[in-house]
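This report refers to the structure that appears directly beneath it.
Just so it is clear: chains get the letters A, B, ... in the order the sequence lines come, proteins before strands, and each one is counted from 1. Below, all heavy atoms of this structure are taken into account, side chains as well, without hydrogens, waters or symmetry copies.
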Number of protein chains: 2
Amino acid sequence: MRSDSRLSRMLHVLIHMDQHEAPLTSEMIALMLNTNPVVLRRTMAGLRDKGYVQSEKGHGGGWKLSRSLDEISLLDVYLALGEPSVFALGPTSDHPSCLVEQAVNAAVGDALREAETHLLGRFAKVTIADIARDFGVRARDHGIQF
Amino acid sequence: MRSDSRLSRMLHVLIHMDQHEAPLTSEMIALMLNTNPVVLRRTMAGLRDKGYVQSEKGHGGGWKLSRSLDEISLLDVYLALGEPSVFALGPTSDHPSCLVEQAVNAAVGDALREAETHLLGRFAKVTIADIARDFGVRARDHGIQF
DNA sequence: GATCACGCAACCTGTATTGTTACATGTGTT
DNA sequence: AACACATGTAACAATACAGGTTGCGTGATC
């Protein structure tokens, strides 16, 4: 099954926005991400609604951060995207009449729920600034080639 | 994103096979699972190859367990299905040239890998017999209506 | 030898995600 | 005021993929 890369993409964009003083247009960003402007706007809409970024129209317009990267956690971005489903594994039907199926769903569901809680808990502890710092290390290792 | 229900389905089948002395045909099982015989055989092939079930052709043929349910863990079934991807979330591309993207993938990848290790560790501790026991409890609560 | 059941490859389908087009609205430049 | 730039959004098209279907082969039992 193909995985949803929107979370990674948005983190990627946010860090680039932080490195760049002037606003970034959807077209520039789409080029970086190998996607297209409309899809990008669609995805960024969630972040805008949550107040993490803002967009401006017209000349010199585009996207910019409305708050510092250390005030945005990985979880915040995840939530802004509408809490996309974490797992590619799942139960059969929502309301099985078969008792065996119910028992199976309970067992698998419990394990998945626990794993999800764990993962989101970790997401909550990582700020995008943390990731940006790691980028700084990598850049230094590569002789600062931006 | 739509989730892969094969794991739950296989657990479901295995427990039913345990409750049933005679072999179950693909057609009967497909009927139970609301799927069709060919898809079922496709999925069961992995379990057969690992030696958890066996199939026989001709009259009175079908599928039966080749080992006890307390000797099969949830992890075993997962592995038999070819280790389907656990997460619906993922990185962008495998070998990004952008250092920001690399940092993002590292951060997200670490969190996902940890969550996966955790989840599979839990899968390893649950046998299908455990789930079958829970089914027994549910059946008793419902006046044993099989 | 007729029927039953699995094995497997090739193809079709339904649907969710992603990409595209088109047009409206707002903003800054000339 | 006219124009170029940029986002916002709806409607539609293309794509990807899990699941479903058909068809034929093989072996087992009756």
Side-chain angles (χ1 to χ4, degrees), chain A residues 1-10 13 17 20 22-49 52-66 81-93, chain B residues 1-10 12-13 17 20 22-50 52-66 81-93:
Chain A
M1 179 166 296
R2 198 176 168 175
S3 62
D4 184 345
S5 58
R6 288 178 304 155
L7 179 64
S8 298
R9 278 160 130 74
M10 287 303 100
V13 173
M17 284 170 59
H20 203 264
L24 290 169
T25 67
S26 301
E27 198 173 350
M28 293 161 67
I29 299 173
L31 217 64
M32 296 191 318
L33 299 190
N34 278 313
T35 178
N36 72 77
V38 179
V39 173
L40 184 101
R41 287 185 199 118
R42 211 142 65 187
T43 312
M44 294 282 277
L47 298 183
R48 184 193 55 214
D49 294 347
Y52 304 138
V53 297
Q54 54 194 291
S55 57
E56 299 203 354
K57 299 179 178 180
H59 278 275
W63 298 90
K64 54 183 180 179
L65 291 170
S66 14
L81 291 175
E83 311 187 39
S85 60
V86 172
F87 296 104
L89 260 39
T92 321
S93 71
Chain B
M1 186 159 291
R2 198 170 169 180
S3 62
D4 182 346
S5 60
R6 287 179 303 156
L7 179 63
S8 298
R9 277 160 132 73
M10 286 303 100
H12 187 176
V13 174
M17 283 170 61
H20 202 263
L24 288 169
T25 68
S26 301
E27 199 173 350
M28 294 162 68
I29 299 172
L31 217 64
M32 293 192 319
L33 301 191
N34 277 313
T35 178
N36 74 77
V38 179
V39 172
L40 184 101
R41 286 185 198 118
R42 207 144 63 190
T43 312
M44 294 283 276
L47 298 183
R48 182 194 56 214
D49 294 348
K50 293 280 184 180
Y52 304 139
V53 297
Q54 54 194 294
S55 56
E56 298 205 354
K57 300 179 177 178
H59 278 274
W63 298 89
K64 55 185 179 179
L65 292 170
S66 14
L81 291 175
E83 311 186 40
S85 60
V86 172
F87 297 105
L89 261 38
T92 321
S93 70

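Rounded to a whole Å, the CD atom of B:Gln54 is 13 Å from the P atom of D:dA28. For the pair A:Leu89 CG and D:dG19 P, the interatomic distance rounds to 11 Å; values are reported in whole Å. Atoms NZ (B:Lys64) and P (D:dA28) sit 13 Å apart, rounded to a whole Å. The distance between atom CD1 of A:Ile29 and atom C1' of D:dT7, rounded to the nearest whole Å, is 12 Å. Straight-line distance from the CG atom of A:Leu40 to the C1' atom of D:dA6: 13 Å, rounded to whole Å. Summarising the geometry, the separation between CE on B:Met28 and C1' on C:dA5 is reported as 12 Å, rounded to the nearest angstrom. For the pair A:Leu33 CG and C:dT18 P, the computed distance is 13 Å after rounding to whole Å. Straight-line distance from the CD atom of B:Glu27 to the P atom of C:dC6: 8 Å, rounded to whole Å.
In this structure a side-chain-to-backbone donor-acceptor pair under 3.5 Å is missing from B:Ser55 to B:Arg48. Looking at A:Thr25, its side chain does come within 3.5 Å of a backbone N or O of A:Met28 through a donor-acceptor pair. Under a 3.5 Å cut-off, the side chain of A:Ser3 and the backbone N or O of B:Pro91 do not form any donor-acceptor pair.
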Could you pull out every donor-acceptor pair under 3.5 Å between side chains of residues 38-46 of chain B and any protein atom, sequence neighbours left out?
unit_1, atom_1, unit_2, atom_2, d
B:Arg41, NE, B:Ser26, OG, 3.2
B:Thr43, OG1, B:Val39, O, 3.0

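Taking 4.0 angstrom as the limit, A:Ser26 places a side-chain polar atom (N or O) nearer than this to OP1 or OP2 of D:dT7. Remark: B:Ser55 is in phosphate contact with C:dG7, judged by side-chain N or O atoms under 4.0 Å from OP1 or OP2. For C:dC8, one of the phosphate oxygens OP1 or OP2 lies less than 4.0 angstrom from a side-chain nitrogen or oxygen of B:Arg48.
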Starting at the 5' end of nucleotides 20-30 of chain C, put B wherever the base has a protein heavy atom under 4.0 Å, S where only the sugar-phosphate does, and a dash everywhere else. BB---BBBB--
Could you walk me through whether B:Tyr52 and B:Leu65 pass the side-chain contact (heavy atoms from CB on, under 4.5 Å) check? CA-CA 6 Å; B:Tyr52 304 139; B:Leu65 292 170; over 6 Å; no
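Put simply, the side chain of B:Met17 reaches to within 4.5 Å of the side chain of B:Trp63, judged on heavy atoms. You'll find the side chain of A:Pro84 reaches within 4.5 Å of the side chain of A:Asp4, heavy atoms only.
Which of C:dG7, D:dG19, C:dT18 sits closest to the side chain of A:Arg6 comes down to C:dT18. You'll find that the side chain of A:Asp4 is closest to C:dT18, out of D:dG19, C:dA5, C:dT18.
Map B:Thr25 and A:Asn34 each onto its nearest nucleotide of DNA chain C; the residue landing nearer the 5' end is B:Thr25.
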